[in-house]
2 protein chains.
Amino acid sequence: MSRPKTATADLIYERLEGLVAEGRFGDGERLDEVRLAAEFGVSRTPLREALRLLANAGLAEFIPNRGTFVRQPDFTRLVEMFEVMAELEAWCARLAAHRITSAELLLLRQAASLCERALGQKDYHRYYDENAAFHGIIYDAAGNAFLAEETRSMQRRLRPFRQAQLFAVDRLARSMEEHRQILAALEARDAPKAEDLARAHLRIQSVVYQQLRS
Amino acid sequence: MSRPKTATADLIYERLEGLVAEGRFGDGERLDEVRLAAEFGVSRTPLREALRLLANAGLAEFIPNRGTFVRQPDFTRLVEMFEVMAELEAWCARLAAHRITSAELLLLRQAASLCERALGQKDYHRYYDENAAFHGIIYDAAGNAFLAEETRSMQRRLRPFRQAQLFAVDRLARSMEEHRQILAALEARDAPKAEDLARAHLRIQSVVYQQLRS
DNA sequence: GTCTTGAAGATTGTACACAATTTTTTCCGT
DNA sequence: ACGGAAAAAATTGTGTACAATCTTCAAGAC
């Protein structure tokens, strides 16, 4: 099996991503390259690559010869981000309702089961992965590989902002129920319903996140 | 006025982007860091940053300790890319139909005029910019800053694949007419119509691109 | 007192050297 | 010949030094 074996720049990026999501940096704060490099115990070369990734993800702004400045998302922006994600999910679901194969439906049922099992075992970390897999199958079933890729990318970008609400347990039970409904809509090839359910599925998460933050 | 003043890594990125779009590299071809660095007359440090940007844009795959490999989009993928862009445009237009202000409508009318003037003067390079400005106003009018940003980003990523069809002159006249229709739909706050027009507006461009390539 | 100028300091940008890793080649045993 | 291990070559990853640029601050002109 080929492992990704991420380079240190990517590791640094993920740590920075987490720090931004935790709100450790103020909005507009400059990310000092030498300070951060020392802090992470690396040289500026890989750190700079990480900063570029951060800027590319929209979490910072990279200004040539000036520095990179964090863009701390406020509530409004977070809602906007989740709204975009919800729409991507909704679109994938709508397309998938038309194009999904029986083999993919089988995979989806299995993924839903794995989600339930992880939830039953209270293994929330694995639940997160199984949940991502469930949604990933829908992205793929939409029949637009580029869309699937972009949606996955967006999901990844939102991840640091979702972790807080991962452990809102009562929410997870509802989430499972919504999975079943989405699955049913896809099986029935009811595109509008699948679209609406997928949209609502994520919309609620953003609300939960807001509640936790405030 | 604050200019961007892009760093060399960004310049290298744009050149690589163009080379990929022109089909200069085969799919899966490894981008040799030392060879390209020599070719561009820079060291590997900024070149590597450019390669990461390329990978982030989906035009290459960056595999740690192995290299970065170009992902030459085939026709199917190009259609997929334009389909996603069309949907983003459509969504922006739908939201804008509800939320656009009269000030923004004025800006839009002005932008449309500037497009027409550039077209009349056969200044196609400026037409491209004015056209981008026209659409940019719609993105902003959607009232979701994050969506606007992402749509702009996607527009930028597709740019190298669109330049070929920029000079299909008869297409441009039709494009102008479509601008007027979109503008009218927004003025009438007819969301479904604006959405459909925006979607069709870009869908056609992708078809034109295909014709030019083949 | 305000504005301009310029020098000093701080910070980013890049070249280069070396370390780490992967890929290729060579050589040996069977 | 064939497979496999080890050495050699090639390539990527990172630390460091220096160049380029920006920011700050002080001195001087008006």
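Order of the sequence lines sets the chain letters (A, B, ...), proteins ahead of strands, with each chain counted from 1. The structure displayed is predicted, hence computed values, not measured ones.
Note on residues 56-72 of chain A: pairs passing salt bridge (charged side-chain N to carboxylate O under 4.0 Å, His left out), not counting sequence neighbours, are A:R71-B:E149. Residue pairs satisfying the salt bridge (charged side-chain N to carboxylate O under 4.0 Å, His left out) criterion with at least one member in residues 137-148 of chain A, sequence neighbours excluded, are listed as follows: A:D140-A:R152. For the salt bridge (charged side-chain N to carboxylate O under 4.0 Å, His left out) condition, the pairs that include at least one residue of residues 88-97 of chain A, sequence neighbours left out, are A:R94-A:E195, A:R94-B:E87.
In this structure, the CG atom of A:L51 is 13 Å from the C1' atom of C:dT11, given to the nearest Å.
Nearest heavy atom pair, residue B:G26 against residue B:V70, reads O-CG2, 2.7 Å.
With sequence neighbours left out, the side-chain contact (heavy atoms from CB on, under 4.5 Å) criterion links A:T8 to A:P46. Annotation: side-chain contact (heavy atoms from CB on, under 4.5 Å) contacts of A:E33 (sequence neighbours excluded): A:R44, A:L47, A:R48, A:L51. The ring pair (Phe, Tyr, Trp, His ring centres under 6.0 Å) search around A:F134 returns A:H179, not counting sequence neighbours.
Computed from C1' positions of five pairs at each end, the angle between the two local axes of the helix from C:dG1-D:dC30 to C:dT30-D:dA1 equals 10°, rounded to 10 degrees.
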Fill in: Letter per nucleotide, 5' to 3', of nucleotides 12-17 of chain D [B base touched, S only sugar-phosphate touched, - untouched; heavy atoms, 4.0 Å]
BBBBBB
Without placing hydrogens or testing angles, list every side-chain donor-acceptor pair under 3.5 Å for residues 102-111 of chain B, not counting sequence neighbours.
residue	atom	partner	partner atom	Å
B:E104	OE1	B:T101	N	3.1
B:E104	OE1	B:T101	OG1	3.3
B:R109	NH1	B:E187	OE2	2.2

